[in-house]
Each structure stands twice: as C-alpha cells, then as structure tokens.
There are 2 protein chains.
Amino acid sequence: MPAQSHDINAIRKFNRFYTNVIGLVNDHILHSPYSLAEVRVLYEVKHTRNCTARQIMRAVTIDEGYLSRILNRFVQRGFVKRTKSRRDRREYFLTLTKSGEAKFARLNDASSKSVQAMVKHLSPLELRQLLTKMDGIQHILSKERS
Amino acid sequence: MPAQSHDINAIRKFNRFYTNVIGLVNDHILHSPYSLAEVRVLYEVKHTRNCTARQIMRAVTIDEGYLSRILNRFVQRGFVKRTKSRRDRREYFLTLTKSGEAKFARLNDASSKSVQAMVKHLSPLELRQLLTKMDGIQHILSKERS
DNA sequence: AATAAATACTTGACAAAGTCAAGTATTTAT
DNA sequence: ATAAATACTTGACTTTGTCAAGTATTTATT
C-alpha cells in the first residue's frame, strides 16, 4: 500500500523530531565517561538471560570486533564477568559483577531522571495520552513483517 | 507532576524501540558515502533561509570545528556555495549549488524510499492511525517548556 | 573417522567521526 | 579607544567504528 509522499514527509518530520528528543534524553550519557554503545551493551548484559556476545549482536547492531573490545574493557574494569560455556567452548556467558550492577544502576537512574525531566511538566492526562500513543506506534510498527 | 517509574520505563522502552526504527531508516545513509552529520548539514543548508554556520549549529548539535570542515568538504566538492555576508563580514551565507541540489534530491529520495519501506505493509487505516499518533506525540512533547 | 564448512570470538591495522583549544577577523559594548 | 563578544578556521588529538585475517571449536558432509 504505497503511502502518499505527504504522509512520508509527516513520518520523516516525526523522525527528525524524535531524533532530537532521543538526543536530549541521551545527553547525560554523552557527558558521561561511557559511549552510547557501551551503555547499550551493559543494558543487554543486564537484561539478557544466558547472555553471550552473539546475543548482544542480535539486539544491538554493532561490529563484532568493536563489541569484543568493549567487553574486554568492561571485564578489565571489573563490571562484567566472562564464564566459558560448557556446552560450546567457543562462547562465554556474560554477567554483571557486583560493581557492574552498581554502575549500571547509576547509569539507569540517570537515564530515568532524564526521561522524567522530559515529561515532568505534563498533566496526568497528557502523560497517559503520550503512553497510549507510544504503545500504539510500537504495536503498528511491530507487525512490520506480515 | 512526577511520573511513576513504570511510566518512565514504558517511555524508555519506546525510546529504545524507536531508536532501532530510526536506525533502520537511516541505514541507507550509513551505507552511503556521507555521514549522518553531513546529511543533516545538507538538509539545513537546503531548508534554512539565509543559512550560516551559526544557524546550522543552532539546529543540529555539532562541534563548530567539525562543522567548518564538513562545510569545507561540501564547498570543495561543489555542493555548497559560500557568499560572504555584507552586513557582517565574519559570516558566510550558505546555499546549495545546482549539483548540491541534485545530490540532496537523491539522498532525499533514498530517505523517502526507506521510510516508504517501513510502512508499506500497513493498511490505510493503520497508516492513518500511525500519523495521528506521531502528530499527537509531537504536540504533547512540544509544549515542554510551560 | 576425516575433511570441510560454519560459528564464536579476538586481534591488528586502519579510517572516520568527533572534540578541544588556540588563532584570525570582525563586530559590538563600555 | 579598548575590551569583550561573535563567526569562523585550524592543528593536534582522542574516540569510535570498520575491515579483514586469525584462532579455537563445533557442526555438517562424505
């Protein structure tokens, strides 16, 4: 169903708008000692069961070698622990150490604060509407492959 | 009005989701010989009246020196023309040359195609709903400073 | 079982992207 | 007239990201 160019333009306008929103929200990370990629990796390690480098690559689009080095740094700094898989000894399971958890928690709080700031002026109704619309967009765009 | 943490989490989830959407849509640019920053600069030169480097910096968050070099490259490749302002001889007005316009048009078409692909499977109703929700989000988040 | 192909990850060499601070020219404020 | 601010440039640098080759191990093929 080919959308009219004016619809496409509206979507592109939203994309530009939301790119800026995300930029503002991510600003605290840019001013932190970690890159966006690093934070996303930490997030995946935290939230993925039996996390391996492969799994992270599936979730985040990132170069294999680059990821390897990011993980090395995290291991060196003591945030992430690698344990060789028994089933397949090419791969490692990745977990957060205690201090990795703490580091993640701090980054996470900062991110939440940042999002909090973005909606703090909204009325309860507006907030509810915002959430509904976000949910709707995810719903519509998720069944992309039909 | 402090939002509940579960609302904040829902927004963050949407942010992650839409970061990926934007990533997919921008993929063609990543595989083009231009960087995202360069394309945004070209966009600003195209759409800003009496465009100067300063104006671009206002629209796009970008380092002054980096921008200067991007503009230099565009001038060298003949996409952008600098004309010294009479009113203030420190600044230059930036315009697209004929070939800059052509280059921009091609990048622009590719971006549209990319967005087109993202919604091509949607029914007319879904598309209409998507646009309404996008518009609503912009509306809600735009009156941020109240 | 032996060989080939595929997979998970690492490493070296490099290129691109982005940052920082100092410098030039010009304009505006004191 | 002098100082401060503004617009832009440049050099030196760091970070970020990419590419391709390499190692170890597992899976598929004959």
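Chain naming here is simple, since letters A, B, ... match the order of the sequence lines and numbering starts at 1 in each.
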message: Under a 3.5 Å threshold, yes or no: a donor from one side chain and an acceptor from the other, between B/Asp27 and B/His31?
response: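 B/His31 and B/Asp27 do have a side-chain donor-acceptor pair below 3.5 Å.
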
message: Students often mix this up, so state it plainly: with edges at 30° and 60°, are the rings of A/Tyr18 and B/Phe14 parallel, tilted or perpendicular?
response: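 The arrangement is perpendicular - the two ring planes meet at more than 60°.
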
task: Enter the distance from A/Phe93:CZ to A/Lys81:NZ here, rounded to the nearest 0.5 Å.
output: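 Between A/Phe93 CZ and A/Lys81 NZ, I get 12.5 Å after rounding to 0.5 Å.
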
query: In what stems does DNA chain C take part, counting only runs of at least 3 consecutive Watson-Crick or G-U pairs whose two distances fall under 3.5 Å?
result: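 Counting only runs of 3 or more consecutive pairs, the stems involving DNA chain C are C:1-30 with D:1-30.
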
message: Whether the side chain of A/Ser114 engages the backbone of A/Ala110 through a donor-acceptor N/O pair (distance < 3.5 Å, no angle test) should be reported.
response: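 Flag not set: sc A/Ser114 to bb A/Ala110 has no pair under 3.5 Å.
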
field: Point-to-point distance, once rounded to the nearest 0.5 Å, from CZ of A/Arg82 to NZ of A/Lys84
entry: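 One finds 10.0 Å between CZ of A/Arg82 and NZ of A/Lys84.
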
query: Just how far, in rounded Å, is P of C/dA17 from OH of B/Tyr34?
result: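 Those two atoms, OH and P, are 12 Å apart.
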
message: Can you measure B/Leu36 atom CG to C/dA17 atom C1' for me and round it to whole angstrom units?
response: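 Whole-Å distance recorded here is 12 Å.
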
query: When you check the phosphate oxygens OP1 and OP2 of C/dT7, does a side-chain N or O of A/Arg58 lie under 4.0 Å from one of them?
result: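 It does not, given that no N or O in the side chain of A/Arg58 lies less than 4.0 Å from OP1 or OP2 of C/dT7.
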
message: Less than 4.0 angstrom between a side-chain N/O of A/Asn72 and OP1 or OP2 of C/dT11, yes or no?
response: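 Yes.
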
task: Find out if a path of hydrophobic residues (ILVMFWY) with successive side-chain heavy-atom gaps under 4.5 Å connects B/Tyr43 to B/Val25.
output: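 Shared cluster, no.
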
message: With a 6.0 Å cut-off on the ring centroids, do A/His28 and A/Tyr34 count as close?
response: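 Centroid separation for A/His28 and A/Tyr34: 6.0 Å or greater.
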
Nucleic acid footprint by protein, nucleotides 18-30 of chain C - heavy-atom cut-off 4.0 Å, B for base, S for sugar-phosphate alone: BBB----BBS---

